[in-house]
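Beneath this line is the structure, given in structure tokens, with notes to follow.
For the numbers below, each heavy atom of this structure counts, side chains included, while hydrogens, waters and symmetry mates do not.
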Protein chains: 2
Amino acid sequence: MIAEKKKAFNAFAAKKGLRSTRQREVILDIFLSTHEHLSIEELYLKVRASNPGIGQATVYRTLKLFVEAGLARELTLSDGHTRYEHQMAGEHHDHLICLNCNAIIEFEDETIERLQKEIAERHGFKLVTHKMQLCGICPSCRKAAIEKVS
Amino acid sequence: MIAEKKKAFNAFAAKKGLRSTRQREVILDIFLSTHEHLSIEELYLKVRASNPGIGQATVYRTLKLFVEAGLARELTLSDGHTRYEHQMAGEHHDHLICLNCNAIIEFEDETIERLQKEIAERHGFKLVTHKMQLCGICPSCRKAAIEKVS
DNA sequence: TCATTATTGAAAATGATTTTCAAAGTTTCT
DNA sequence: AGAAACTTTGAAAATCATTTTCAATAATGA
Ligand SMILES: [Zn+2]
Ligand SMILES: [Zn+2]
Ligand SMILES: [Zn+2]
Ligand SMILES: [Zn+2]
């Protein structure tokens, strides 16, 4: 799994004539070892913990490469911090986000995806991608809110 | 229509103890006179054209008030410029956006809205709002692309 | 090895938005 | 109306995520 993605990145790098550097390997390892929707800042801190010396700019630059290589997806929630998550070819999901605690739940809904395509077609658009975020209050925050009242 | 919205804003301002100022009236008039998804910059330029002297900060502050008052909706597309559009109670639409020319088409789809609610419920969330943008290539950009090839 | 070219880190730049603050304006009370 | 109390304003400064710059360093291929 991780090895495959590394291979995929190397293939991308080779095709693009990118050089293989320690920094990119470290950042790729750390990115692949996470399972959350991490911000650059969080990623940078993780990187720096094991590899002081790697700069933020390199983390910014490298994550953009991962997106280009199809390994990562950029998420822009409304907190002003760009986040990255794993992306595998052919897979897709959208997000349910708690407005209170920022918890993120992933979901897929084929019917919605199909309807989106239909809407685009109806307007003559060729659909390339979409962004969908459902924002609400998660179960534990709801419970906490109820307890506070009573 | 416009008069109603002005009344609504005045009611909001009164309830909040806001003072009525020339700047806010001017900005509200200009905002209500538009029918697009305008960025603050665009709005500021329009305001300044008839009222030099009104500062950007005031435009920023005032548009936030309109959102709070329920008259405006903030849109964050991916070009780094926050945009505002009219919002009327009980109405809702989402956007189809051309990745090439940035054209914005509005649409509503009740089935999607219902499914979103169901997804949220299935995960125990209380749905508060959502963001959905379909990104693609609009008819005229598609045509232009085809002509370029042939 | 050497020449070429890409990458890096630190610091500076950018650019949208927010904050600061003194001056100006609005409201309230007398 | 006049004065005190409080809000709003504009200009400039500050903020803050991200991007760019650039000289130094590293990777590549001949
Ligand atoms: Zn929560
Ligand atoms: Zn996700
Ligand atoms: Zn277009
Ligand atoms: Zn719209």
Side-chain angles (χ1 to χ4, degrees), chain A residues 9-31 37-69 72-84 102, chain B residues 9-31 37-69 72-84 102:
Chain A
F9 181 68
N10 290 335
F12 165 83
K15 203 184 304 176
K16 263 216 120 186
L18 301 181
R19 292 178 177 176
S20 79
T21 66
R22 190 182 59 84
Q23 287 81 336
R24 298 215 259 238
E25 281 209 23
V26 166
I27 297 170
L28 181 53
D29 277 340
I30 290 178
F31 174 66
H37 303 86
L38 291 186
S39 68
I40 290 275
E41 180 64 14
E42 291 165 326
L43 234 13
Y44 169 59
L45 291 177
K46 263 181 180 279
V47 165
R48 205 179 51 175
S50 50
N51 291 71
I54 293 185
Q56 291 204 65
T58 302
V59 179
Y60 272 97
R61 291 189 275 234
T62 306
L63 269 285
K64 291 215 175 293
L65 285 179
F66 294 170
V67 171
E68 218 187 322
R73 178 153 71 125
E74 199 180 285
L75 294 189
T76 38
L77 314 190
S78 32
D79 66 349
H81 292 250
T82 300
R83 291 167 182 280
Y84 290 90
N102 299 309
Chain B
F9 181 68
N10 289 335
F12 165 84
K15 202 184 304 177
K16 263 216 120 186
L18 301 181
R19 294 181 175 175
S20 76
T21 68
R22 188 183 60 86
Q23 288 80 336
R24 296 216 260 239
E25 281 208 24
V26 166
I27 297 170
L28 181 53
D29 277 340
I30 289 179
F31 174 66
H37 303 86
L38 291 186
S39 68
I40 289 275
E41 181 64 14
E42 293 165 325
L43 235 13
Y44 169 58
L45 290 177
K46 263 181 180 279
V47 166
R48 206 181 49 176
S50 51
N51 292 71
I54 293 186
Q56 291 204 64
T58 302
V59 178
Y60 273 96
R61 290 188 277 234
T62 306
L63 268 284
K64 290 214 175 294
L65 285 178
F66 293 170
V67 171
E68 219 188 320
R73 178 154 70 126
E74 199 179 285
L75 294 190
T76 37
L77 313 191
S78 33
D79 66 348
H81 292 250
T82 300
R83 290 166 182 282
Y84 290 90
N102 300 310

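Look at B/Ser20 and you won't find any side-chain N or O under 4.0 angstrom from OP1 or OP2 of D/dT7. Put simply, A/Gln23 has a side-chain N or O that comes within less than 4.0 Å of OP1 or OP2 on C/dG9. A close approach under 4.0 Å does not occur between any side-chain nitrogen or oxygen of A/Thr82 and OP1 or OP2 of D/dA17.
Atom CG of A/Leu63 is separated from atom C1' of D/dA17 by 14 Å (rounded to the nearest Å). Separating the CZ atom of B/Arg48 from the C1' atom of D/dA11 is a distance of 14 Å, rounded to the nearest angstrom. The CD1-P distance, from B/Ile27 to D/dT9, rounds to 7 Å in whole Å. Between the CD atom of B/Gln56 and the P atom of D/dA12 there is a distance of 12 Å, rounded to whole Å. In this structure, the CG atom of A/Leu45 is 12 Å from the P atom of D/dA17, given to the nearest Å. We find that OH of B/Tyr44 is positioned 14 Å from P of C/dT17, with the value rounded to whole Å. The separation between A/Asn51 atom CG and C/dT7 atom C1' is 16 Å, rounded to whole Å. At whole-Å resolution of the value, CG in B/Leu18 and P in D/dC6 are 16 Å apart.
Nearest nucleotide to the B/Ala57 side chain, out of D/dG10, C/dG9, D/dT9: D/dG10. Considering only the side chain of B/Tyr60, C/dA16 comes nearest among C/dA16, D/dT9, D/dT19. The nucleotide whose nearest atom lies closest to any side-chain atom of B/Lys64 is, among D/dA17, C/dG9, C/dT18, C/dT18. The side chain of B/Thr21 approaches C/dT26 more closely than any other nucleotide in the set C/dA11, D/dG10, C/dT26.
Among the atoms of the strands shown, none is found under 4.0 Å from any heavy atom of B/Lys16. Among the atoms of the strands shown, none is found under 4.0 Å from any heavy atom of A/Arg22.
Nearest heavy-atom pair across B/Leu65 and B/Phe12 is O-CE2, 3.9 Å. Residues A/Val67 and A/Glu74 come closest through the heavy atom pair CG2-N, 4.3 Å.
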Problem - Test side chain to side chain contact (heavy atoms under 4.5 Å, CB included) applied to B/Ile54 and B/Arg22, step by step - result: CA-CA 10 Å; B/Ile54 293 186; B/Arg22 188 183 60 86; 4.2 Å; yes
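Using modelled atom types, one side-chain atom of B/Arg24 and one backbone atom of B/Arg19 make a donor-acceptor pair closer than 3.5 Å.
In terms of position on DNA chain C, the residue among B/Asp79 and A/Gly17 whose nearest nucleotide sits closer to the 5' end is A/Gly17.
Between A/Ile30 and A/Ser50 the shortest side-chain heavy-atom distance falls below 4.5 Å.
Looking at A/Arg19, its side chain has no donor and acceptor atom pair within 3.5 Å of the base of D/dG29.
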